[in-house]
Chemist: 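Here's a structure for you.
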Amino acid sequence: MVQEDFSRDIVTLTEFVIRNQKDFPYAKGDLTRLLGDIAVAAKIVTREVRKAGLVNILGEFGTTNIQGESQKKLDVYANEQFIAAMKHGGVVAGVASEENDNVVVFEDRDCAESNYVVCIDPLDGSSNIDVNVSIGTIFSVYRTITQKGPCTMQDFLQPGTEQVAAGYIIYGSSTMLVYTTGHGVNGFTLDPSIGVFCLSHPDLKTPEKGQIYSVNEGNFNYFSKDIQEYIHYCQGTANDFGKSYSCRYIGSLVADFHRNLIKGGIYMYPSTEADPKGKLRLLYECNPLAFIVEQAGGKASTGFERIMEIKPEKLHQRVPYFVGSIRMVEKAEELLRHSLSK
Ligand code: AHG
Ligand code: MN
Ligand code: MN
């Protein structure tokens, strides 16, 4: 008998998640389902993003979210798509979203009895939507603590160390989905010809150090002296490479993070005089990317403490954020601590 060769050179996201269910000790099928639902919503958002400019999806929606930020049409659309996907999937008990004042609790039986809650930034990089620059989605999955009935606030206010999965989608020159369940980081690129996410970046590791720093330098005068000192360090030559780092700042956290994850670098959104807690949100921006970066060998810190060990006090809590290559984040922490001890 002729032995046929059934091998092929792609591994789909679905195949990969099922194959790695062993990494996920409880309710195995549920996480597979959840990641599948997120992937479908990501494809729907990709479809709209790719048509932006041709259809009526650019511009303001005409409302503001609880944080006083004006909502774009795509913010609202992405929020609806991701929440709908999770509600229909039936394996999520509730969602905390940047775009909603309060948590969305799914009360029908399937959902209420499910084991997971999700925190999500449905559309990250809103200011870049209208100008054809990369945007993203960030998500974080926790196991519910509430034993009976619908989920409650305590399920969402867990430290990042309790995340069971986290990921992001980047709508860039291609659409990618990158996720971790605490066993390394894997990246999948959407093949538009078949509409399937395919493994393209297996076991992603971030360089220990890089030559990129990412910060909104327009805020320089509002940063503390020690942050200014760290930026001067980045601009100087007293580093391992003997030359200044390059400054790269897109203004979409997902895109800046993704580039630095691959190339090596540090992203920072420090506190300013006006915003002592910085700008970025702990639950649906900082924690998920912290989980991913740590799994890739990097670090995420407020400058003084590990992001994932912060016990959240409220849903839309903000924290100063330093994330990226481990040696670079450590250097920033060193300067901040040094100035504290002066
Ligand atoms: P979002 O669009 O979800 O509100 O997030 C915007 C965030 C983040 O993506 C980005 O890095 C940062 O805001 C940019 O802020 P500045 O314009 O203040 O630099
Ligand atoms: Mn965001
Ligand atoms: Mn957003």
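All ligand and atom numbering here is 1-based and tracks the order in the structure. Side chains included, hydrogens not; waters and symmetry mates left out as well; all remaining heavy atoms used. All residue numbers refer to positions in the sequence shown, counting from 1. Note that the structure is predicted; figures quoted are calculated from it, not measured.
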Chemist: Taking only heavy atoms of Glu285, which atoms of ligand 1 are found under 4.0 Å from at least one of them?
Modeler: 3 (O), 5 (O)

Chemist: Is the number of heavy atoms from other residues, nucleotides or ligands within 6.0 Å of NZ (Lys243) greater than 12?
Modeler: no

Chemist: Is a side-chain donor or acceptor of Asn100 paired with a backbone partner of Asn102 at a separation under 3.5 angstrom?
Modeler: no

Chemist: Pairing donors with acceptors under 3.5 angstrom, does anything connect the side chains of Glu99 and Gln71?
Modeler: yes

Chemist: Return the closest protein heavy atom for atom 7 (C) of ligand 1 as residue, atom name and distance.
Modeler: Leu280 CD2, 3.9 Å

Chemist: In ligand 1, which numbered atoms sit nearer than 4.0 Å to a non-hydrogen atom of Leu253?
Modeler: 8 (C), 9 (O), 10 (C), 11 (O)

Chemist: So if I count the atoms of ligand 1 from 1 in the order they appear, which ones are less than 4.0 Å from some heavy atom of Arg281?
Modeler: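 Within the 4.0 Å cut-off of Arg281, ligand 1 contributes 1 (P), 3 (O), 4 (O), 5 (O).
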
Chemist: Would you tell me which option among Tyr321, Tyr284, Tyr267, Tyr269 has the nearest heavy-atom contact to atom 11 (O) of ligand 1?
Modeler: Tyr267

Chemist: Pull out every atom of ligand 1 sitting under 4.0 Å from any heavy atom of Asp121, numbered as shown with elements.
Modeler: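 Answer for ligand 1: 3 (O).
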
Chemist: Considering heavy atoms of the protein only, find what lies nearest to atom 5 (O) of ligand 1 and give residue, atom and distance to 0.1 Å.
Modeler: Asp124 OD1, 3.2 Å

Chemist: Under the rule for side-chain hydrogen bond (donor to acceptor under 3.5 Å, both in side chains), what residues qualify as partners of Thr146, not counting sequence neighbours?
Modeler: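 Once residues adjacent in sequence are excluded, the partners of Thr146 under the side-chain hydrogen bond (donor to acceptor under 3.5 Å, both in side chains) criterion are Thr152, Gln154, Asp155.
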
Chemist: If the threshold is 4.0 Å, N to carboxylate O, is there a salt bridge linking Glu162 and Arg143?
Modeler: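 Here Glu162 does not pair with Arg143 in a salt bridge, since their nearest N and O are not under 4.0 Å apart.
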
Chemist: Going by distance alone, is a donor N or O of one side chain under 3.5 Å from an acceptor N or O of the other, for Thr272 and Asn219?
Modeler: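 There is no such pair between these side chains.
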
Chemist: For Lys263, does the NZ atom sit with more than 12 other heavy atoms under 6.0 Å from it, leaving out its own atoms?
Modeler: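 Atom NZ in Lys263 is not packed in, count stays at 12 or less.
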
Chemist: Any luck finding a side-chain donor-acceptor pair between Thr175 and Arg50 under 3.5 Å?
Modeler: yes

Chemist: Gly251: heavy atom below 4.0 Å from ligand 1, yes or no?
Modeler: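 Yes, Gly251 has heavy atoms under 4.0 Å from ligand 1.
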
Chemist: Under the side-chain hydrogen bond (donor to acceptor under 3.5 Å, both in side chains) rule, collect the residues that match up with Ser200, sequence neighbours excluded.
Modeler: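 Thr189.
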
Chemist: Determine, step by step, whether Asp203 and Lys205 satisfy the salt bridge (charged side-chain N to carboxylate O under 4.0 Å, His left out) criterion, reporting the C-alpha distance in whole Å, the side-chain angles of both residues, the deciding distance to 0.1 Å, and the verdict.
Modeler: CA-CA 6 Å; Asp203 197 20; Lys205 293 290 173 217; 3.7 Å; yes

Chemist: Tell me, which protein N/O/S atoms are under 2.8 Å away from the Mn ion (ligand 2)?
Modeler: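 Checking every protein N, O and S atom gives Asp121 OD2, Asp124 OD1, Glu285 OE2.
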
Chemist: Could you tell me whether the side chain of Asn260 reaches within less than 4.5 Å of the side chain of Ser214, counting heavy atoms only?
Modeler: yes

Chemist: So, is Asp256 polar-close to ligand 1, with some N/O to N/O distance under 3.5 Å?
Modeler: no

Chemist: What atoms of ligand 1 come closer than 4.0 angstrom to any heavy atom of Leu123?
Modeler: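 Every atom of ligand 1 under 4.0 Å from some heavy atom of Leu123: 2 (O), 3 (O).
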
Chemist: Nearest protein heavy atom to atom 15 (O) of ligand 1, by residue and atom, and its distance?
Modeler: Lys279 NZ, 3.0 Å

Chemist: If the cut-off is 4.0 Å to any non-hydrogen atom of Tyr249, which atoms of ligand 1 fall inside it?
Modeler: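 This gives 11 (O), 12 (C), 14 (C), 15 (O), 16 (P), 19 (O) as the contact atoms.
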
Chemist: Using a 4.0 Å cut-off to any heavy atom of Ser126, which atoms of ligand 1 qualify?
Modeler: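 Listed by number with element, the hits are 2 (O).
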
Chemist: Holding to side-chain hydrogen bond (donor to acceptor under 3.5 Å, both in side chains), I want the full list of residues that pass it with Thr180, two or more places apart in sequence or in another chain.
Modeler: none

